[in-house]
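The structure under discussion appears below in the form of structure tokens.
All ligand and atom numbering here is 1-based and tracks the order in the structure. Values in this document were obtained by computation on a predicted structure and should not be read as measured data. Start at 1 with the first residue, then count along the sequence.
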Amino acid sequence: MRRILWFRRDLRVYDNPLLSLEGEVLPIFIFDKNILDKLPQNDARVTLLFSLVNELKNRLQNMGLDLKIFYSTPKDVFDTLPLENFDEVVASGDYDEYAKERDREISQRIHFRYLNDTYLFKPKEILKKDGTPYLVFTPYYKACLAYIETKGITEEYQRVGQTLYKFNYDVNLSLESMGFEKSKIECDLHLEELDTFFTNIASYAEKRDFINESATSNVSVALRFGVLSIRDLYRRAKESKAGDAYIRQLIFRDFYAYLLFHFPYLAFSNYKGNFNGIANEEKFLRICKAETGVPIVDAGIRELLQTGNMHNRVRMIVASFFTKDLLLPWQWGEAFFAQHLFDFDAASNILSWQWSAGTGIDPQPYFRIFNPYLQSKKFDKDAQYIKKYIPELRDIDAKYIHDESYLLGADITAYPKPIVEHKKAAKIAVESFKYGEYRDV
Ligand SMILES: Cc1cc2nc3c(=O)[nH]c(=O)nc-3n(C[C@H](O)[C@H](O)[C@H](O)COP(=O)(O)OP(=O)(O)OC[C@H]3O[C@@H](n4cnc5c(N)ncnc54)[C@H](O)[C@@H]3O)c2cc1C
């Protein structure tokens, strides 16, 4: 057999199904112009991706293989490859609409086989008895656990001896030759901290929401690019005997990809309710510039802009404030996060924003609205996180930082007053979502 191994979201050699297939292989990676041409010159993800792809090339070369790296559209790359010399192309499944269409197009030219790698389960593996997809997480989760028990799908893929198909292509790509510059925002993949995380995994459930506890695994970026294997994380959590809460979150990630696969329209449209917020550029700019005057929200946005990351609890607070207090369309927030998150993943991002807006498939109701002040009081009690990102508040006592009436009344140098009064904004949101149109109170 002779195969093209198309690396995409699986940039590693360990536990990679692509490297478990015997025969002659041509490993490739495509910097996809269809995606890259829409990104700004200093996009931090491209800098990261460029270094990860080159690291993978080195590793493959150390194994006697190589990685041919292209900067083009997949269609043009497959036009230049001698497809008649290959039996098939293999790649890990990728389930957003663009990816599905891209792969469909290539599959018309050469036999195309998906190997499951990015997620634990294939989207059609876990279905209800009537053959339809699950809509609620808990029964899906239980079905997933049962499936693992019976099918053993979390085994490690062992590398086999593969020989390299000789293909004459030696273009030396650089970030600059693709029209990008090295980003100033560096991404830490947190791989060295993983052992410590698994040692302390028993406290994950209790501490994961506390912003300053560093109690989460920080693997989302490594998972996004496939530097870590999802099966390996599952195995490590399982071995620890105290990893159930963590495994649940890993399966949550699968669930979101599963929903987007089965209901692709969720990328743009609500599942429930027809109220979609009010377009308001001024409010949108205020939140994007971290100028809402609500400390936990502004701290989250600054963290995102400065680091390309945001703690999960803060993402939830920001998204609730965005869609409810500011009544902005969830799609705007989703696009803003997509632009800045290192771990941006279409499924997790879209479904999480729909969850926050109360418009998604999950049972989250529109009237569940986070109070950002109570949230920060609980999860950032001493305002350590807030003060880290908003030094303008460094000299203010934490208890005032969590106190809306203080912030509405005080004149704080270089920091704005809250853009809305939470209780009133929340009432307007509830009425508007209830009646499907803007309702003042
Ligand atoms: C509005 C919003 C947008 C989000 N956008 C993204 C995104 O684009 N990409 C992304 O990977 N995650 C997204 N998330 C989910 C979550 O915030 C991140 O996965 C998490 O912060 C990553 O940190 P961690 O690896 O330390 O997580 P841990 O708590 O250590 O969890 C381990 C892994 O489980 C998965 N996971 C955990 N929580 C969730 C969740 N709520 N939903 C889906 N998967 C989860 C992630 O892959 C995560 O890396 C979003 C959440 C919200 C509320």
Side-chain angles (χ1 to χ4, degrees), residues 9 45 96 118-120 137 140-141 144 187-191 193-194 196-198 200-201 203-234 236-237 240 243-260 267 287 296-297 300-301 303-304 307-324 328 330-362 364 368 370 375 379:
R9 293 185 59 174
R45 273 93 45 107
D96 67 57
T118 306
Y119 301 101
L120 284 166
F137 179 69
Y140 168 83
Y141 170 64
C144 288
C187 180
D188 183 353
L189 292 180
H190 299 279
L191 301 179
E193 296 143 40
L194 212 48
T196 313
F197 171 77
F198 280 109
N200 300 324
I201 197 168
S203 60
Y204 172 76
E206 182 200 337
K207 293 188 176 166
R208 64 185 283 258
D209 281 319
F210 292 87
I211 303 162
N212 301 301
E213 287 282 352
S214 303
T216 68
S217 62
N218 282 310
V219 293
S220 54
V221 183
L223 272 180
R224 165 66 186 82
F225 294 101
V227 175
L228 285 173
S229 147
I230 182 75
R231 289 175 300 280
D232 191 38
L233 292 176
Y234 172 86
R236 294 188 70 175
S240 75
D244 288 358
Y246 186 68
I247 288 173
R248 198 179 156 88
Q249 289 314 115
L250 296 182
I251 294 181
F252 223 104
R253 171 177 174 271
D254 255 73
F255 186 52
Y256 279 168
Y258 169 89
L259 290 179
L260 194 60
I287 190 163
I296 189 70
V297 173
I301 298 289
E303 182 187 13
L304 178 66
T307 70
N309 188 27
M310 196 193 290
H311 189 281
N312 180 59
R313 174 57 48 176
V314 188
R315 294 186 204 200
M316 293 197 288
I317 301 168
V318 167
S320 174
F321 188 80
F322 190 102
T323 53
K324 303 291 171 54
L328 289 167
W330 65 261
Q331 291 90 339
W332 290 21
E334 194 278 320
F336 179 64
F337 271 31
Q339 198 186 338
H340 295 285
L341 280 173
F342 268 116
D343 70 12
F344 165 61
D345 170 85
S348 290
N349 201 42
I350 289 164
L351 277 287
S352 298
W353 273 92
Q354 290 245 34
W355 179 88
S356 298
T359 57
I361 275 187
D362 40 65
Q364 171 79 343
R368 200 175 151 217
F370 282 30
Q375 289 284 316
F379 297 111

#### Entry: Closest to atom 46 (C) of ligand 1 among Arg253, Arg313, Arg208 (heavy-atom distance)
Arg253
### Message
Please state which option from Tyr246, Phe342, Tyr119 has its nearest heavy atom closest to atom 32 (C) of ligand 1.
### Response
Tyr246
Out of all atoms in ligand 1, which are within 4.0 Å of some heavy atom of [X]? Include the element for each.
| X | value |
| --- | --- |
| Leu223 | 47 (O) |
| Ser348 | 6 (C), 7 (C), 9 (N), 10 (C), 12 (N), 13 (C), 43 (C) |
| Asp345 | 7 (C), 8 (O), 9 (N) |
| Val219 | 25 (O), 49 (O) |
| Ser217 | 25 (O), 26 (O), 28 (P), 30 (O), 32 (C) |
| Ser352 | 1 (C), 2 (C), 3 (C), 4 (C), 50 (C), 51 (C), 52 (C), 53 (C) |
| Asp343 | 7 (C), 8 (O), 9 (N), 10 (C), 11 (O) |
| Trp353 | 1 (C) |

Is the side chain of [X] donor-acceptor paired with the backbone N or O of [Y] at a distance under 3.5 Å, no angle test?
| X | Y | result |
| --- | --- | --- |
| His340 | Thr307 | no |
| Arg45 | Gln339 | yes |
| Ser320 | Phe370 | yes |
| Arg208 | Thr216 | no |

Proximity of [X] and [Y] rings by center, below 6.0 Å:
| X | Y | result |
| --- | --- | --- |
| Phe197 | Tyr204 | yes |
| Phe137 | Phe252 | yes |
| Phe322 | Trp353 | yes |

### Query
Asp345 and side chain to side chain donor-acceptor pair (under 3.5 Å): which partner among Arg253, Arg224, Arg9?
Arg9
I need the nearest protein heavy-atom contact for [atom]: residue, atom name and distance, please.
| atom | answer |
| --- | --- |
| atom 13 (C) of ligand 1 | Arg315 NH1, 3.2 Å |
| atom 5 (N) of ligand 1 | Asn349 OD1, 3.0 Å |
| atom 22 (C) of ligand 1 | Ser220 OG, 3.3 Å |
| atom 21 (O) of ligand 1 | Asn312 CB, 3.5 Å |
| atom 45 (C) of ligand 1 | Gln249 O, 3.9 Å |
| atom 29 (O) of ligand 1 | Tyr204 OH, 2.5 Å |

### Message
I want to know if ligand 1 touches Tyr256 in the polar sense, i.e. an N/O pair below 3.5 angstrom.
### Response
no
### Nearest-0.5 Å distance, CZ of residue Phe342 to CG of residue Leu189
9.0 Å
### Query
Under 4.0 Å from ligand 1, counting heavy atoms only, is it the side chain of Leu351, its backbone, both or neither?
neither
